[in-house]
There are 2 protein chains.
Amino acid sequence: MAGRPRSFDRDVALATAVEQFWRHGYEETSVASLTAAMGVSPPSLYAAFGDKHRLFEEASATYFRSTCEAVDRALELPTARDAVARILDDAARAHTRAGTPSGCLMLTEPRLAAQRDELRRRIQDRLERAVEDGDLPPGTRTDHLSAFLVAVLRGMSGCARDGGSTEDVLAIAHTAMAALPSSPGAECDDASAPR
Amino acid sequence: MAGRPRSFDRDVALATAVEQFWRHGYEETSVASLTAAMGVSPPSLYAAFGDKHRLFEEASATYFRSTCEAVDRALELPTARDAVARILDDAARAHTRAGTPSGCLMLTEPRLAAQRDELRRRIQDRLERAVEDGDLPPGTRTDHLSAFLVAVLRGMSGCARDGGSTEDVLAIAHTAMAALPSSPGAECDDASAPR
DNA sequence: AGGATTGCATAGCGAGCGTTACGTTATGCT
DNA sequence: AGCATAACGTAACGCTCGCTATGCAATCCT
């Protein structure tokens with residue numbers, strides 16, 4: 001029943017594939033470059049992962065899962081403002097971390113629109129809870145706000161991919177925070193014009 | 001001195017190339033698809049435009065020029081807030097215009113980082129003028145704000161490319177406006193938004 | 001008209017793409 | 001040991017890539 005054991009660690013090879021797709025994108029990553037980076041011959045790759053497309057799906061699912069872990073942890077913070085700030089801050093650092101490719105695979109790759117929308121959905125759910133909690137003003141367009149945040153994350157990823165530093169990307173994150181509606185009890189810090 | 005006249009309009013062919021690169025990106029656009037769309041044989045294309053890379057440079061420069069025209073016109077509006085609102089609004093509509101590809105070539109294509117930075121620079125210059133005019137609060141980080149705005153534009157382009165409607169992209173633009181610091185004499189709530 | 005010049009169309013170049021056929025090697029079961 | 005099984009390495013498939021050599025067609029100049 002048993003044959004020759006596989007000479008590579010499937011999980012390690014998959015992680016290497018993630019890195020390649022992350023760094024170069026789906027189209028620009030060739031099977032030859034994958035086999036070289038993974039240290040696996042083409043037939044072994046096809047036996048273990050199907051074909052390039054299914055390998056990409058598995059790789060992007062892995063990436064998505066670990067990304068969502070960090071996001072979900074941030075979304076558990078007590079206020080929506082804290083949660084969003086944490087997500088943006090984490091993203092800025094992750095997108096410019098030394099040793100990993102710049103930017104974010106999920107936010108950059110054209111074929112991962114569904115994952116992006118799933119991310120947006122999770123953020124929106126948290127924002128809606130915040131509205132119910134009185135943490136965000138009633139009437140807050142959580143759909144708009146979540147779409148905005150994903151757009152900002154995307155822009156941050158792009159900035160990192162263009163060679164932006166951690167500080168550059170953090171500046172975007174910081175600036176975006178001003179777009180969050182202040183909680184109902186917060187004061188208006190523009191002193192000159194009481195309406 | 002003179003030979004057979006060329007059987008196609010160079011400008012029209014270039015515009016078609018712009019459309020192809022815009023729709024599919026540089027890497028995903030093949031010379032074969034270009035010649036087919038432009039109605040020009042490969043040798044004619046190479047004679048008229050050099051090679052694929054130089055054709056792309058010419059096409060992207062054309063795209064960049066016409067984009068900057070709209071941006072510069074918006075930047076002439078009286079206040080920075082008006083100018084930014086106009087840019088975002090224009091972008092949202094342009095990115096989802098029927099008959100043209102979704103999104104924005106300059107904001108999407110990885111190789112056009114220099115153009116993106118040039119765009120950011122123009123916006124920053126306008127913001128600095130606004131600070132001098134008292135139109136934006138003194139101490140406003142115009143570098144951060146301009147980077148933020150380009151990030152948002154990029155996110156808008158990505159949203160459009162993922163199939164987002166004009167309303168979806170406009171919502172991002174609208175939400176982003178809240179991140180602009182209010183002018184010293186302005187009221188507290190955000191009344192101004194992209195029209 | 002005749003030569004020079006230039007663009008055209010066809011057809012093909014070498015290289016790289018994603019993928020697989022083929023023969024070999026290493027394992028577990030009997 | 002000997003067989004079935006499964007992964008291995010090599011080498012190649014058909015195809016598309018960006019690009020060009022070759023020969024024909026259309027123009028201007030004399």
Side-chain angles (χ1 to χ4, degrees), chain A residues 1-63 101 105 108-112, chain B residues 1-63 101 105 108-112:
Chain A
M1 288 298 179
R4 177 174 174 172
R6 102 166 14 117
S7 66
F8 61 95
D9 185 324
R10 193 181 187 280
D11 292 337
V12 172
L14 181 59
T16 305
V18 170
E19 220 240 68
Q20 291 290 307
F21 284 128
W22 183 359
R23 190 176 301 279
H24 301 115
Y26 178 78
E27 299 287 354
E28 279 65 33
T29 302
S30 69
V31 173
S33 70
L34 283 168
T35 58
M38 299 162 81
V40 167
S41 66
S44 299
L45 186 150
Y46 278 79
F49 298 105
D51 58 8
K52 184 188 175 187
H53 189 247
R54 273 191 286 181
L55 172 57
F56 174 74
E57 284 187 346
E58 195 169 341
S60 58
T62 300
Y63 185 93
L105 172 61
T108 304
E109 182 59 47
R111 345 168 75 83
L112 296 181
Chain B
M1 288 294 181
R4 175 174 176 172
R6 94 162 27 110
S7 66
F8 60 94
D9 184 324
R10 193 180 187 280
D11 292 337
V12 171
L14 182 58
T16 306
V18 169
E19 219 238 70
Q20 291 289 308
F21 284 128
W22 184 359
R23 190 177 301 279
H24 304 295
Y26 178 78
E27 299 287 353
E28 278 67 33
T29 302
S30 70
V31 173
S33 71
L34 283 168
T35 58
M38 299 161 80
V40 167
S41 66
S44 299
L45 185 149
Y46 279 81
F49 298 104
D51 58 7
K52 183 189 175 185
H53 189 247
R54 273 192 285 182
L55 171 57
F56 174 74
E57 283 186 348
E58 195 169 341
S60 58
T62 301
Y63 184 94
L105 172 61
T108 305
E109 183 59 47
R111 345 169 75 85
L112 296 181

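All of these numbers come straight from a predicted model, not from anything done at the bench. The chains referred to below are lettered A, B, ... by the order of the sequence lines, with proteins before strands, and numbering in each begins at 1.
- Taking atom CD of Glu28(A) as the reference point, atom C1' of dC17(C) lies 13 Å away to the nearest angstrom.
- Looking at every heavy atom in both residues, Met38(B) comes nearest to Ala13(B) through CE-O, 3.3 Å.
- In this structure, the nucleotide among dT19(C), dG9(D), dG18(D) sitting nearest to the side chain of Ser30(B) is dG18(D).
- Residue His24(B) holds its NE2 atom at 12.5 Å from CD of Glu109(B), rounded to the nearest 0.5 Å.
- Along DNA chain D, the nucleotide closest to Val40(A) and the one closest to Gly50(B) are compared, and the more 5′ of them pairs with Val40(A).
- Phosphate proximity of dG7(C) to Ser44(B): absent, as no side-chain N or O sits under 4.0 Å from OP1 or OP2.
- Comparing Ser7(B) and Pro42(B) by the nucleotide of DNA chain C that holds the closest heavy atom to each, the one mapping nearer the 5' end is Ser7(B).
- The shortest heavy-atom contact between Phe56(A) and Tyr26(A) is CG-CD1, 3.4 Å.
- Each salt bridge (charged side-chain N to carboxylate O under 4.0 Å, His left out) pair with one or both residues in residues 32-47 of chain B, not counting sequence neighbours, would appear here, but there are none.
- Contacts of Thr29(B) with the nucleic acid, taken as non-hydrogen atoms under 4.0 Å apart, involve only primed sugar atoms and P, OP1 or OP2.
- At whole-Å resolution of the value, CE in Met38(B) and C1' in dC8(C) are 15 Å apart.
- For Leu55(B) and dC19(D), the CG to C1' distance is 14 Å, given to the nearest whole Å.
- At whole-Å resolution of the value, CZ in Arg54(A) and C1' in dG18(C) are 14 Å apart.
- Following rounding to the nearest Å, Gln20(B) (CD) and dC17(D) (C1') show an atom-to-atom distance of 16 Å.
- Here dT20(D) presents its P atom at 12 Å from CG of Leu45(B), a figure rounded to the nearest Å.
- Each of dG18(D), dT20(D), dA26(C) was ranked by its minimum atom distance to the side chain of Arg4(A); first place goes to dA26(C).
- Nearest nucleotide to the side chain of Pro43(B), out of dT10(C), dA26(C), dA26(D): dT10(C).
- Shown here for Glu58(A) and Leu14(A), the closest heavy-atom pair between the two residues is OE2-CD2, 3.8 Å.
- Computed from coordinates, the Tyr46(A) OH to dC13(D) C1' distance equals 13 Å when rounded to whole Å.
- Rounded to whole Å, the distance from CD on Glu27(B) to C1' on dG18(D) is 12 Å.
- Nearest to the side chain of Arg6(A), among dG28(C), dC19(D), dA7(D), sits dA7(D).
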